[in-house]
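Structure, as structure tokens:
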Amino acid sequence: MTIRLMTSNVWGNYFGNEVAVRDIQLLGVMKKYVPDVIGMQEVTPAWQDSELFKGLADEFEPVPAGNGDQQNYVPLVYRRSRLELLECSFKLYHWFLDQSKGYTWAVFKDKESGNVFGVFNTHFWYKWDVADEALRCYNAKDMLAELQYIEAKYRCPAFFMGDMNCGLESRTWMMLHEKGYVDCCECADEFSANSSWHRDPKRGADGRYHGRTTAEPNELSLDHIGVRKGTRVLKQLVIEDQDALDATDHSPVIADIVL
């Protein structure tokens, strides 16, 4: 069987970039590409209350993973008609530094085949100094420890995805490679050439945001879907539909993975 994962940093409304209109655009993109599991980052309270989640509710179920009253900025949703949720959890990497950086994980069973798999949705530390790269390495090690525990507990494959704030040539990805993991674009039969990060859309005279594609290579992507080496991936796609470019600074990424 094949599953389709999607990761999407929705461009949180931290900068006066209101959610209205962008939520409808992103909803259309998500429904067009028919993922089985979607992981999102920068999901502020305004995004949680937006038309995006209302529109997804007819097909997708949110993973009920949180930390009490703590806002979960890295939620997962899954296609309820196909998948059954077996277990889930949520963790912040460093709540005293940034309460939006962490991961949500879930274990699913395909209702038809009975196949079980895990998905981790994450957002790594974001700054760009040497010490910040070290924090991202710690984020990766933290996530992998839990991911490998889930693999062993359920005897199933587990995948990770999200805005990892680093490209494939970073020390973080060097460490992940050493641990036996690759980005889907490194093993896919078909993959996108461009980076997922196309930078901030600009507000036009019409009051709406407008984004543009980037010529930067995939190696500079910040958004990744990670698998163990040897995993069969049919397709990795950086979505460059105009609605995706206008809605957020990070194009959503999908991967079709064979279990």
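Here, residue 1 is the first one in the sequence, and each next residue gets the next number.
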Looking at [Y], is its backbone amide N or carbonyl O close enough to the side chain of [X] to form a donor-acceptor pair, meaning the two atoms are under 3.5 Å apart?
X	Y	result
H198	T248	yes
R80	D58	yes
K101	Y73	no

Mind checking whether [X] and [Y] have side chains closer than 4.5 Å, heavy atoms only?
X	Y	value
V107	V116	yes
V253	I239	no
T44	Y14	yes

**Centroid-centroid distance, F120 to F159, less than 6.0 Å** = no
**Message:** As a quick check of understanding, evaluate side-chain hydrogen bond (donor to acceptor under 3.5 Å, both in side chains) for S192 and N194, giving each step before the final call.
**Reply:** CA-CA 6 Å; S192 293; N194 289 354; over 6 Å; no
Less than 4.0 angstrom from a charged side-chain N to a carboxylate O is my criterion; do [X] and [Y] meet it?
X	Y	value
D142	K91	yes
E186	K229	no
D256	R232	no
R203	E18	yes

**Request:** Test side-chain hydrogen bond (donor to acceptor under 3.5 Å, both in side chains) on N139 and Y103 and set out the steps.
**Result:** CA-CA 9 Å; N139 293 165; Y103 58 82; over 6 Å; no
same_hphob_cluster([X], [Y]) at 4.5 Å side-chain heavy-atom cutoff:
X	Y	result
I254	F60	yes
I150	L176	yes
Y33	I3	no

**Request:** Compute both the distance and the angle, then confirm whether K141 meets the cation-pi test with Y138: under 6.0 Å from the six-membered ring centre, within 45 degrees of the axis.
**Result:** yes
To the nearest 0.5 angstrom, please state how far the [atom1] atom of [X] sits from the [atom2] atom of [Y].
X	Y	atom1	atom2	answer
L83	E61	CG	CD	11.5 Å
Q25	E51	CD	CD	13.0 Å
T7	L76	OG1	CG	9.5 Å
T104	M40	OG1	CE	10.5 Å
D183	H177	CG	NE2	7.5 Å

**Message:** Go through it in stages, so that I can follow the logic: the residues are I257 and V227, the test is side chain to side chain contact (heavy atoms under 4.5 Å, CB included), and I'd like the CA-CA distance, side-chain angles, deciding distance and then a yes or no.
**Reply:** CA-CA 9 Å; I257 302 171; V227 300; 3.9 Å; yes
**Request:** Under the side-chain hydrogen bond (donor to acceptor under 3.5 Å, both in side chains) rule, what do N9 and E42 come out as? Steps first, then yes or no, please.
**Result:** CA-CA 6 Å; N9 182 320; E42 297 191 11; 3.2 Å; yes
**Request:** Please step through salt bridge (charged side-chain N to carboxylate O under 4.0 Å, His left out) for the pair D110 and R82, ending with a clear verdict.
**Result:** CA-CA 6 Å; D110 181 75; R82 181 178 186 185; 2.8 Å; yes
**Message:** Holding to side chain to side chain contact (heavy atoms under 4.5 Å, CB included), I want the full list of residues that pass it with E190, two or more places apart in sequence or in another chain.
**Reply:**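 E190: side chain to side chain contact (heavy atoms under 4.5 Å, CB included) contacts with K235.
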**Request:** Give every residue pair that meets the ring-ring contact (aromatic ring centres under 6.0 Å, His included) criterion with at least one member in residues 203-224, sequence neighbours excluded.
**Result:**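 ring-ring contact (aromatic ring centres under 6.0 Å, His included) check on residues 203-224 returns W11-Y209, W173-H224.
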